[in-house]
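All of these numbers come straight from a predicted model, not from anything done at the bench. Here is the naming used below: chain letters follow the sequence lines, and residue numbers restart at 1 for every chain.
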Amino acid sequence: MKTVYKKPESITNKPTTYCPGCPHGIAHRLVAELLEEMNLTRETVIVWPVGCSVFGYYFIGTDAVEAAHGRACAMATGIKRTHPESFVMTYQGDGDLASIGIAETVHAAARGEKITVVYINNGNYGMTGGQMAPTTLIGQKTTTSPYGRDPKLTGFPMHVPEMLATLEATAYIARAALDSPQHIIQAKKFLKKAFNTQVNGIGFSLVEMISSCPTNWKMTPVEAMERIRQEVLPVFPIGEFKVAEGVE
Amino acid sequence: MEKKVLVNEERCKSCGLCVSVCPKHVLKISERLNSKGYHPAELFDNENCISCGFCYLICPDAAIAEVRRPEPVKR
Ligand SMILES: Cc1ncc(C[n+]2csc(CCOP(=O)(O)OP(=O)(O)O)c2C)c(N)n1
Ligand code: SF4
Ligand code: SF4
Ligand code: SF4
Ligand SMILES: [Mg+2]
């Protein structure tokens with residue numbers, strides 16, 4: 001028998017704190033697989049966020065720090081500038097990155113910091129019980145938009161990759177989805193380009209991953225993946241929004 | 001034949017995603033319980049598994065610990 005897939009070593013033996021069927025775990029595995037394949041595990045520092053993935057350092061065995069809510073890109077900036085030989089990435093939810101931390105994110109991108117951002121968009125604040133996020137869809141019911149998000153009151157969903165792609169200094173910006181095996185294979189390809197962007201010293205890279213939150217969406221994990229395809233991807237399309245010269 | 005899919009039953013949270021994506025319908029949620037109280041996924045028809053790895057790819061908990069493909073038989 002030939003092994004075709006095997007749990008990466010750097011996914012620790014500690015079971016995650018995520019709800020059953022939460023795609024945070026899929027994103028973790030993709031990160032761990034690529035770090036191993038690219039031989040980066042030992043030189044990596046992951047800056048973890050506030051949100052459901054706040055305990056990420058228990059689940060992926062690399063060096064790590066924990067940022068204050070939203071400040072991961074600012075922290076990663078300092079780490080990368082003082083340790084340019086390290087591979088520095090942030091892992092952030094949509095509340096963390098696009099709400100409280102949008103200033104840090106945009107300015108790190110505008111400065112062209114040579115860091116990589118893994119951005120998990122599940123359309124709400126999962127950890128705190130499913131409040132509306134900047135990414136919540138129009139009409140989507142959350143605990144803070146009980147009648148559905150009304151654009152007249154709270155505006156429209158925020159497309160972070162499209163925004164950041166307009167900044168001169170960004171090098172690789174893409175959006176993937178975690179709803180199906182095919183999309184997960186594609187997500188890994190995008191993430192590999194993002195990692196290569198940093199390894200080759202080209203500039204700022206970010207991959208948004210469209211995720212789900214079965215618990216707060218009040219759906220089974222399988223129904224939540226279906227909702228991604230039916231409702232989320234038409235608003236947040238998969239694609240590469242910026243591929244600077246030299247990115248491969 | 002040896003199992004083509006190895007499930008780490010203690011890591012499984014019974015989410016059912018692997019069952020939903022298996023193109024050959026050879027996975028199911030078993031009746032057993034792990035120490036957390038979840039019913040782990042199980043490969044019940046090893047013969048018809050095509051080692052595609054879809055179950056591994058979608059599993060959020062790395063509970064599909066390994067997927068293996070039989071070596072081609074030498075003549
Ligand atoms: C300064 C500060 N404000 C608010 C909070 C409460 N809080 C904890 S997690 C969170 C939002 C997390 O949402 P997201 O980043 O989308 O992560 P998810 O849980 O959805 O993965 C908030 C507002 C906090 N911990 N610290
Ligand atoms: S609350 Fe949502 S994002 Fe958080 S672990 Fe549960 S399913 Fe995942
Ligand atoms: S490897 Fe493919 S066919 Fe075999 S159990 Fe997994 S999903 Fe099903
Ligand atoms: S996808 Fe993983 S955690 Fe979910 S039922 Fe299958 S083996 Fe268990
Ligand atoms: Mg979120």
Bottom line for A:I185: the part with an atom under 4.5 Å from chain B's heavy atoms is side chain
Turns out that what part of B:R69 lies under 4.5 Å from chain A's heavy atoms comes down to both
Spacing of CG belonging to B:L6 relative to OG1 belonging to A:T3, to within rounding of 0.5 Å: 8.0 Å
Minimum side-chain heavy-atom gap A:M225-B:L17 below 4.5 Å: yes
Which bit of A:T12 comes within less than 4.5 Å of chain B, counting heavy atoms only: side chain, backbone, both or neither? backbone
Hydrogens and angles aside, do B:K13 and A:T16 bring a side-chain donor and acceptor to less than 3.5 Å of each other? yes
Minimum side-chain heavy-atom gap B:F54-A:Q182 below 4.5 Å: yes
Would you say A:K192 has more than 12 foreign heavy atoms packed within less than 6.0 Å of its NZ? no
Residue part contacting chain B, namely of A:S180, when any heavy atom lies under 4.5 Å: backbone
Any side-chain heavy-atom pair from B:P60 and A:Y18 closer than 4.5 angstrom? no
So, A:Y5 side chain and B:L57 main chain: donor-acceptor pair closer than 3.5 Å or not? no
Any idea which heavy atoms bring B:C15 and A:P20 closest together, and the distance? CB-C, 3.8 Å
Given A:P214, A:P23, A:P15, A:C22, the one with more heavy-atom pairs under 4.5 angstrom with chain B than any other is A:C22
What's the spacing between B:S20 OG and A:E226 CD if we round to 0.5 Å? 9.5 Å
Please indicate whether A:R42 has more than 12 foreign heavy atoms, meaning atoms of other residues, nucleotides or ligands, lying under 6.0 Å from its CZ. no
Would you say B:F44 has more than 12 foreign heavy atoms packed within less than 6.0 Å of its CZ? yes
Which atom names give the shortest non-hydrogen contact between B:R11 and A:N13, and what distance separates them? NH1-CA, 3.7 Å
Greatest number of heavy atom pairs closer than 4.5 Å to chain B - which of A:E33, A:H28, A:H183: A:E33
Does a sphere of radius 6.0 Å around NZ in A:K14 hold more than 12 heavy atoms from other residues, nucleotides or ligands, not counting ones at 6.0 Å or beyond? no
Measure B:C55 against the heavy atoms of chain A and call it side chain, backbone, both or neither at under 4.5 Å. neither
Nearest-0.5 Å distance, CE of residue A:M1 to NZ of residue B:K4: 6.5 Å
Of all heavy-atom pairs linking B:S51 and A:V4, the shortest is O-CG2, 4.0 Å
Look at the side chain of A:R29 and the backbone N and O of B:I58, then say whether any donor-acceptor pair between them is shorter than 3.5 Å. no
